[in-house]
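Below is one structure, written out as structure tokens; the observations come after it.
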Number of protein chains: 2
Amino acid sequence: MSPRRVTLADVAKAAGVSRTTASLVLSGRGRELRISQDVEQRVLRAADELRYRPNIVSVGLRTGTTRTIGFVSDTVATSRLAGDMIKGALEAARDRGFMLFIGETEGDSELERLLLQAMHDRQVDGLVLASMFTRTIKVPEDITNAPAVLLNALPEQPTPLPAVLPDEVEAGRTAARALLEAGHRDGVYLIGAGPGMRDVPPESVAAVERLVGIREAFGDAGVAVAGGRTCADWQPEYGLAATRELLRTARPRALICFNDRIAMGAYQALDDVGLKVPDDVSVVSFDDHPIASWIRPKLTTVALPYYELGRKAVDVLFTEIGRDHAGPDGQGEVHRVPMPLCSRESIAPPPAAAPAG
Amino acid sequence: MSPRRVTLADVAKAAGVSRTTASLVLSGRGRELRISQDVEQRVLRAADELRYRPNIVSVGLRTGTTRTIGFVSDTVATSRLAGDMIKGALEAARDRGFMLFIGETEGDSELERLLLQAMHDRQVDGLVLASMFTRTIKVPEDITNAPAVLLNALPEQPTPLPAVLPDEVEAGRTAARALLEAGHRDGVYLIGAGPGMRDVPPESVAAVERLVGIREAFGDAGVAVAGGRTCADWQPEYGLAATRELLRTARPRALICFNDRIAMGAYQALDDVGLKVPDDVSVVSFDDHPIASWIRPKLTTVALPYYELGRKAVDVLFTEIGRDHAGPDGQGEVHRVPMPLCSRESIAPPPAAAPAG
DNA sequence: ATCGTGCGCTAATCCGATTTAGCAAAGGAC
DNA sequence: GTCCTTTGCTAAATCGGATTAGCGCACGAT
């Protein structure tokens, strides 16, 4: 079918030189090894005319580098949430002429082992180990064969692997400040976790860190959080239930929902009792899920910077690949990516506190 | 750092045989080439003890097959909608010991060219060309170098490439029947396209085919669609606007929304005028987007079978890879994947037609 | 003329497998 | 004893590049 691929030998023949010379010229080492201008031009022209492209498989075999990185996740690739993470990784890789292998473990460590093996069999130059939601993971042992980076995950035990994570603590502060700046000082309730540091779902790094940031910002402002409700799962129905429960005993002025889906449930609960967002109750949330701009009024939320996380992970991976992989270097660095506030329509000054502007 | 990988030569040495023999045994051709039981056992044991795994890069160079397929899309991978398509493809590939390269073109044909090149440079065994939403695409010429399949896309010009698509026409019938079976015969309106065959957004294969199915099912039942509204974009806000507009002049009994986001907007419009779903107005939709089960009442919708689409595409690709790539074989086959109805809470019998059950 | 020295290029090896062709030893026929 | 088979295994070539070592030539110095 397709005409055979053009190889270095073809180029060499067309230029009337040896494969060695052609290789030297094309790898830019012609000068260094004293190839004449004339020959250099001939080779370059031949390569161009024949549309020569080096076979990366061959290069991979000889040099050990395949210009390929593996992106292994529990279920990120196919999570509707974090596709942007892949996108960021994809583009960062593309910028450097690298391709991405994608693999999913679904949390199954046997699958993970197999997947990492398959990637090593294909001589990937590096690995990104990603998690759909921020959490601590057990770093598989086979990892150390190639440079690797944790994405949206922290190692259970100390490892030399660097990690890239959203700056959740600062996000917590950001959310809190958004309310404080609107003038809220009373009746601020949390939905999804809190108010105490122990009221968090297990395994959720995000919950803990967001809560830390929230408490810190309010603390600094001398404001006390009025209360909070945990949710078994951060889904709309649980947000709805938690908010309903809250409304039975309290009259909130503002809600900090721990994610947008919870906020969606909260909207429904508020609507049920005739409370208007943001006039009666302000709502701020986290993630910037697409629904945040679909529900009305549009939700003000602190965005998870998926795209940047993906990019950053690959960037860090490349410096890791570049590094001399000499001795054990202790603890991997943790990179925090800022979470920007998406100001929309769900925050207003509290009714009582709306004097002359 | 990591101990050097175990190679075939290591196994051969450990078993006290030549690399040839080791290769023969491990590739299962030992019997055929008269290798003795004794030697066979020695090789097998050595390979096992050393945990030998063939280097796929090397195999790729020698045999030309890399057990890798490329998944090229406009923006599927990172679309929150169609991640399941990747998942299906990933799992189908994994079942056969294949890995997936992911690439996005973002509709840029130059990027596409580069990406396909990069994949060929890595000797992929086959390609999936996917589109985020069903549409016709211009098939790049470089494609013919390897087996390929179109996913969620139809070729602009006839090609020998097979295509895998959701069965949208049948989905249209399914949606229509869901209403008919609930007893709806009057006041059925379409939101997003229709009622005429010319009232469809450009480029949207889904719109046309869904409309065909809807009209057919109603036609067969002797029922006339009461009317329809097109939407410039199938987003909630346009669904909201279109439904509002409709409500100004009509009193619908049932709505067929062309996707779930439109339905979300329709819900809002109905809510605004105090109409209850499904008691006053039944709603049925397409896609089974996550919000379909988040909004209240939960939306009955005809699901886009993303996961199955991805699986099917890879399955078809494998038969394509298996085929003798001999002569030009005319037109590629079109595979349609069924779209199942997700019955939830948004359909009820029309008020007048709710007699004794 | 002889030797040394750059210059400009190439032969040969390697990466880790697969695959073809063929060799040495044992067994059988005559 | 010779020749032919069959058996059981291996040497060598190959895939497409990168890389090391070194060859042949021209030129200048002696």
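Note on naming: letters A, B, ... go to the chains in the order of the sequence lines (proteins, then strands), and numbering restarts at 1 for each one. Just so you know, these numbers use all the heavy atoms, side chains as well, and skip hydrogens, waters and symmetry mates.
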Q. Between A:R96 and A:R67, what is the shortest heavy-atom contact and its length?
A.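 In terms of heavy atoms, the two residues are closest at O-NH2, 2.9 Å.
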
Q | Shortest non-hydrogen contact from A:N152 toward A:M132 | A |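 Closest approach of A:N152 to A:M132: ND2-O, 3.3 Å.
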
To the nearest angstrom, how far is [X] atom [atom1] from [N] atom [atom2]?
| X | N | atom1 | atom2 | result |
| --- | --- | --- | --- | --- |
| A:L24 | C:dC7 | CG | P | 16 Å |
| B:E40 | D:dT7 | CD | C1' | 15 Å |
| B:R19 | D:dA12 | CZ | P | 11 Å |
| A:K13 | C:dT10 | NZ | C1' | 17 Å |
| B:Q41 | D:dG8 | CD | P | 15 Å |
| A:R122 | C:dG16 | CZ | C1' | 16 Å |
| A:R5 | D:dT14 | CZ | P | 21 Å |
| B:R67 | C:dA17 | CZ | P | 15 Å |

Q: Determine whether B:D125 and B:P147 make a side-chain contact, defined as any pair of heavy atoms from C-beta on separated by less than 4.5 Å.
A: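 The answer is no, as the side chains (C-beta and beyond) never meet within the 4.5 Å cut-off.
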
Q: Check whether any side-chain heavy atom of B:V149 sits under 4.5 Å from a side-chain heavy atom of B:L129, and report yes or no.
A: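 Result no, sub-4.5 Å side-chain heavy-atom pair not found.
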
DNA chain D-proximal residues of [range], any heavy atom under 4.0 Å:
| range | result |
| --- | --- |
| residues 44-57 of chain A | A:Y52, A:R53, A:P54, A:N55 |
| residues 93-100 of chain A | none |
| residues 26-39 of chain A | none |

For a quick check of understanding: with a heavy-atom distance under 4.0 Å over all strands, which category does [X] fall into, base, sugar-phosphate or nothing?
| X | result |
| --- | --- |
| B:L61 | base |
| B:S23 | base |
| B:T7 | sugar-phosphate |

Q) Can you tell me how far CE of B:M119 sits from CG of B:L114, rounded to the nearest 0.5 angstrom? A)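 It is 11.5 Å, given to the nearest 0.5 Å.
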
Q) Taking the six-membered ring for Trp, is the centroid-to-centroid distance between B:F101 and A:F101 below 6.0 Å? A)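 Yes - the distance between ring centres of B:F101 and A:F101 falls below the 6.0 Å cut-off.
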
**Q.** Among D:dA18, C:dA11, D:dT10, the one nearest A:S18 by side-chain distance
**A.**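 So the nucleotide nearest the side chain must be C:dA11.
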
Q.
Do B:S18 and B:T21 pair up side chain to side chain, a donor and an acceptor below 3.5 Å, judged on atom types alone?
A.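 There is such a pair (donor and acceptor under 3.5 Å, judged by atom type) between the side chains of B:S18 and B:T21.
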
Q: Please identify each residue that fulfils side-chain contact (heavy atoms from CB on, under 4.5 Å) with B:R135, with sequence neighbours left out.
A: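 Only B:D74, B:S131, B:F133, B:I137, B:E203 meet the side-chain contact (heavy atoms from CB on, under 4.5 Å) criterion with B:R135.
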
(Q) Is it the case that the base of D:dA18 and the side chain of A:T20 share a donor-acceptor contact (distance under 3.5 Å, atom types as modelled)? (A)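 Flag unset: no donor-acceptor pair detected.
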
Q | Residues in salt bridge (Lys or Arg N to Asp or Glu O under 4.0 Å) contact with B:R34, at least two apart in sequence or another chain | A |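 Partners of B:R34 by the salt bridge (Lys or Arg N to Asp or Glu O under 4.0 Å) criterion come out as none, since no residue qualifies.
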
**Q.** A:F318: partners by ring pair (Phe, Tyr, Trp, His ring centres under 6.0 Å), with sequence neighbours left out
**A.**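 Result, ring pair (Phe, Tyr, Trp, His ring centres under 6.0 Å) vs A:F318: A:F98.
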
Q.
I'd like to know if B:R113 and B:E110 make a salt bridge, using a cut-off of under 4.0 Å between side-chain N and carboxylate O.
A.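 Salt bridge present between B:R113 and B:E110.
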
Q) Please walk me through it: do A:E40 and A:R31 pass salt bridge (Lys or Arg N to Asp or Glu O under 4.0 Å)? A) CA-CA 9 Å; A:E40 175 164 1; A:R31 286 293 149 70; 3.4 Å; yes

(Q) Tell me whether the side-chain N/O atoms of A:T63 come closer than 4.0 Å to OP1 or OP2 in D:dA18. (A)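 False: A:T63 side-chain N/O out of range (4.0 Å or more) of D:dA18 OP1/OP2.
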
